[in-house]
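Scroll down for the structure; my scribbles are underneath it.
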Amino acid sequence: MEKLVLIDGHSILNRAFYGVPELTNSEGLHTNAVYGFLNIMFKILEEEQADHLAVAFDLSAPTFRHEKYPDYKGTRKPMPEELREQVPLMKEVLTSMGIPILSLAGYEADDILGTVAKSSQADGIEVSVVSGDRDLLQLADTHIKIRIPKTSRGKTEIHDYYPEDVKREYQVTPTEFIDVKALMGDSSDNIPGVPSIGEKTATNLIVTYGSIENVRDHLEEVRPPRAQKALTEHYDLAEMSKDLATIRLDCPVDFVYDDARIENLYTQEAYHYMKRLEFKSILARFDAVQIGAEENQIEEKFWTIEDFAGAETIFEKAEQARTIGFELILDQKKAVVGLALCFGEDEIYAIRVEGFLTGAYLADKMKSLIENRKEPDSVATIGLKDQLKVMDLEETNVVFDTAIAGYLLNPLKDTYEYDDLARDSLGMTVPSRADLLGKKSAGSAMCAGDEKGCTCACYMGYIAWKSMPKLLENLQNTGMEKLFHEVEMPLIFSLDHMEKAGVRIDRAQLEAYGDRLKEKIAKLEQEIYASAGETFNINSPKQLGEILFERMELPHGKKTKTGYSTAADVLEKLAPEYPIVRMILDYRQLTKLNSTYAEGLAGFIQEDGRIHGTFNQTITATGRISSTEPNLQNIPVRMELGREIRKVFVPEDGAVFVDADYSQIELRILAHMSKDDRLIEAYREAQDIHAITASQVFHTPLEEVTPLQRRNAKAVNFGIVYGISAFGLSEDLSISRKEALAYINKYFETYPGVKTFLDDLVKEGKEQGYVTTLFGRRRPIPELKSSNFMQRAFGERVAMNSPIQGTAADIMKIAMIAVDRELRARKLRSRIVLQVHDELLVETFVDEQEEVTALLEEKMRHAVELSVSLEVEAHAGTTWFDAK
DNA sequence: GGCCTCACG
DNA sequence: ACGTACGTGAGGCCA
């Protein structure tokens, strides 16, 4: 028997939207409803083994119901923006799978579903109607099954209704079901003052009389009196409800059964959609074999070279090319195992290390190829910095890093690999590294002689080459070309230099520090167990919470999703009264220092006695760099014991550290960007920015500002930079929201230009979808469009913070490049070894100390000229601890 | 792999 | 009413 599945589009999309947790792809598109819809659809198709499928959607235009009853609002609630944007997407996805979309002006999707279902049944077809709306139960029939998906705890269960199931659950037949609904009135049209009839009463009446008309004819018998009264006075409303709720079975829908035949859902077009939406589990359904021609067409032009002569020929040819894409392929140990090279649609190669064809040869050839070129942006690659570790290039403007370009164009993504670039800049879908190799890297695959490793490499070279012009165009169009060429590209070299320099660690001292910690930890551990009266895992927030707040019955503060909060701010409040809490806080501090720093850092010391961490350029949303393996940007400093660890960071013999940091750079940027005259004036001469803020805001002479006033002003200044909120400030200062708000208002009264500036940033963010730094760096803020209050408020804070934090990051990058270039230009041996957002640590040879200090201060102060000066504090010392 | 906690600017 | 300050990375626990 032929089988037809009909889906109520909006209803299922709606259900999926609320049932599936928030989900966005890397473009920031919300995708949860589409994802949920597809999962429900695939599940049903599999269960039913259906051969025909169609989806009905409402149109936004008014229907006959609106015309007939001008007050009719329909059942549609205003859709949140996150769902609204998924409706057209859903339709596109369905169309890409060849599934017909049924819509009809003047009718709702229900009417289409009803008409098609009944007529198909009449043609001897078995029908399933899938909807989240129980009103559709009226359509249940011998050969029409109504399927209602229910999502609870992430699991989707589908409830099925044939007429007997409706009868069992509601005690009435499907057609009588309309009458029950009519008596109850649509809750959304409930009219104030009209007594409503509940489900029980309505069901009883219809069970007895069969229809509202028959109820009307027996009005005098109707019980309870309340219902009798309601119907006597407002029978017309019930009649109207019935008419509205009755699904039309004869609407002029244009449905051709054969068009709904499921031929092949897994089309290439659909595959592209799944790829773009990043639906991994759905992609898995697509058989790679079915994924058609486009990629394979390219792959036919991929060549693997394994012989020396072949490689030489290609390098010769590449020399003549106008533009080149390349990628040195590295294995886990950072050894070169191959090179991807592309210089035309038909010139795509993966050269594999083999015999005489060594990694050193490839790196060296690639280096010469670049060095012999003059044309800026004529050689593209994905992620230059890693490759600089095996190909020691001097700073050049010949190379174009596509990953960096991709980052500037959208800093919110977590990867900028070739498939991302292909999708985002070329609108192309290509198999990702993971598609081709699973967990393996291109390097290890190529090394192992896996052909797919070469395919992956070819894609890297090809996409780098192909995406470069488009990326350049996009950078121009977004006003970030200068930022790219003058800041981000040169920065790659500065970061590379810093990583190569590394920072020296006194291993013995570090070990001694760790031993001291471990000794204290062991002692404290015993004291805690004694105090608690039992042993437990102090590191487990779960166990700790149970001990403190259940067994010992301490008053608990906040709760987390999983239990009691044992965070420091909660414990801090309990510490004065309960000695065990102080011990736990101390224990936490010590174990943190030991595991993350003492033991953690030790594991990264290399043979040269130094740590060569990685500084990432494409991670943060604001333009800052980040530091990993290890993170050298969060070495303790605030607490005395932690700060001690900085004593193990030492310069090499004959050198000292010079540490230079910007003072209050973000507030100075605020003064400049907001153009607030008073703030600019204040910061021009200010030694102590927080004190002068206090003086002006509280109308107190500078010398009479109290420590408390200064502390409050400082907190407000922080708040302004973070995107002020009365709540945040009140938490920080432990004052009421009202008091916090009063401070904020006072601040804005004092500096009205700041208020206007911040308001304008939010406005700008809402209008453009992004905000920018002084140098044109963009931060997209999709949250500003959210229908969720929290999300939107977050977006507003981000709109206020990102231009400030981002501008500071830009300035530091400019300074860093200038310092690095100058050290090299003057042939000095001193090197930048760390950057910590507003601070540079320079390993300085003693004979260069005076020159380097001056240079450092000069380059940092004058990285950019603002309407207020940038102040830099520099200190020298024989350890990082002493240089602070 | 998600959550909690905590280190930094 | 919602339930928060902005930006990061790492280690430990636990399902």
Could you check how far [atom1] of [X] sits from [atom2] of [N], rounded to whole Å?
X        : N      : atom1 : atom2 : value
A/Tyr597 : C/dG12 : OH    : P     : 13 Å
A/Ile744 : C/dA5  : CD1   : P     : 15 Å
A/Tyr564 : B/dT5  : OH    : C1'   : 19 Å
A/Glu599 : C/dA10 : CD    : P     : 17 Å
A/Phe649 : B/dC8  : CZ    : C1'   : 12 Å
A/Glu629 : C/dA10 : CD    : C1'   : 11 Å
A/Leu593 : B/dC6  : CG    : C1'   : 10 Å
A/Met790 : C/dC6  : CE    : P     : 8 Å

Heavy atoms only, 4.0 Å cut-off, all strands: where does [X] land among base, sugar-phosphate and nothing?
X        : value
A/Ala621 : sugar-phosphate
A/Glu666 : nothing
A/Arg779 : sugar-phosphate
A/Asp732 : base
A/Ala808 : nothing
A/Ile619 : sugar-phosphate
A/Glu731 : nothing
A/Thr591 : nothing
A/Ser725 : base
A/Asn634 : base
A/Val836 : sugar-phosphate
A/Ala799 : nothing
A/Ser802 : nothing

Looking at [Y] and [X], is there a salt bridge between them, counting it only when a charged N and a carboxylate O are closer than 4.0 Å?
X        : Y        : result
A/Glu843 : A/Arg610 : yes
A/Glu731 : A/Arg737 : no
A/Lys647 : A/Asp882 : no
A/Arg516 : A/Glu511 : no
A/Glu499 : A/Lys385 : yes
A/Glu81  : A/Arg792 : no

Where the side chain of [X] is defined as all heavy atoms beyond and including C-beta, which of [options] is the nearest nucleotide?
X        : options               : value
A/Lys542 : C/dA15, B/dC6, B/dC4  : C/dA15
A/Ser595 : C/dG11, C/dC14, B/dC4 : C/dG11
A/Thr622 : C/dG7, B/dC6, C/dG9   : C/dG7
A/Thr560 : C/dC14, B/dC4, C/dA5  : B/dC4
A/Val798 : B/dC8, C/dG3, C/dG7   : C/dG7
A/Phe794 : B/dC3, C/dG7, C/dA15  : C/dG7
A/Gln543 : C/dC13, C/dC14, C/dG7 : C/dC14
A/Asn537 : C/dG3, C/dC13, C/dG11 : C/dC13
A/Arg624 : C/dG7, C/dG12, C/dT4  : C/dG7

Classify the side chain of A/Arg797 versus the base of C/dG7 as yes if they form a donor-acceptor pair under 3.5 Å and no if they do not.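 No such pair is found, so the answer is no.
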Spell out yes or no: do the side chain of A/Lys592 and the base of B/dC6 have one donor N/O and one acceptor N/O closer than 3.5 Å?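 Yes, a donor-acceptor pair under 3.5 Å.
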Relative to the 5' end of DNA chain C, which residue comes earlier, A/Ala793 or A/His837, by the nucleotide with the nearest heavy atom?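 That would be A/Ala793.
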Is the distance from OP1 or OP2 of [N] to the nearest side-chain N or O of [X] less than 4.0 Å?
X        : N     : result
A/Thr628 : C/dG9 : no
A/Thr566 : B/dT5 : yes
A/Arg588 : B/dA7 : no
A/Gln589 : B/dT5 : no
A/Ser626 : C/dG9 : yes
A/Ser565 : B/dC4 : no

I need the minimum non-hydrogen distance between A/Ala671 and A/Val868, along with the two atoms involved.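 Distance-wise, the nearest heavy atoms are CB-CG1, 4.2 Å.
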Taking all non-hydrogen atoms of both residues into account, name the closest pair between A/Val872 and A/Arg861 and its distance.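 Taking every non-hydrogen atom into account, O-NH2, 3.2 Å.
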Complementary nucleotide of C/dA1, counting Watson-Crick and G-U pairs under 3.5 Å: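 WC or wobble partner does not exist here.
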Should C/dC13 form a Watson-Crick or G-U wobble pair with both distances under 3.5 Å, which nucleotide is its partner?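 Per the H-bond distance test, B/dG2.
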Taking the six-membered ring for Trp, are A/Tyr564 and A/Phe549 parallel (under 30°), tilted (30 to 60°) or perpendicular (over 60°)?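 A/Tyr564 and A/Phe549: tilted rings.
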Taking the P atom in each of B/dC4 and C/dT4, what is the distance between them to the nearest angstrom?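 Going atom to atom, P in each nucleotide, I get 11 Å.
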Using atom P of each nucleotide, how far apart are B/dA7 and C/dG3 to the nearest Å?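 The answer is 27 Å between these two P atoms.
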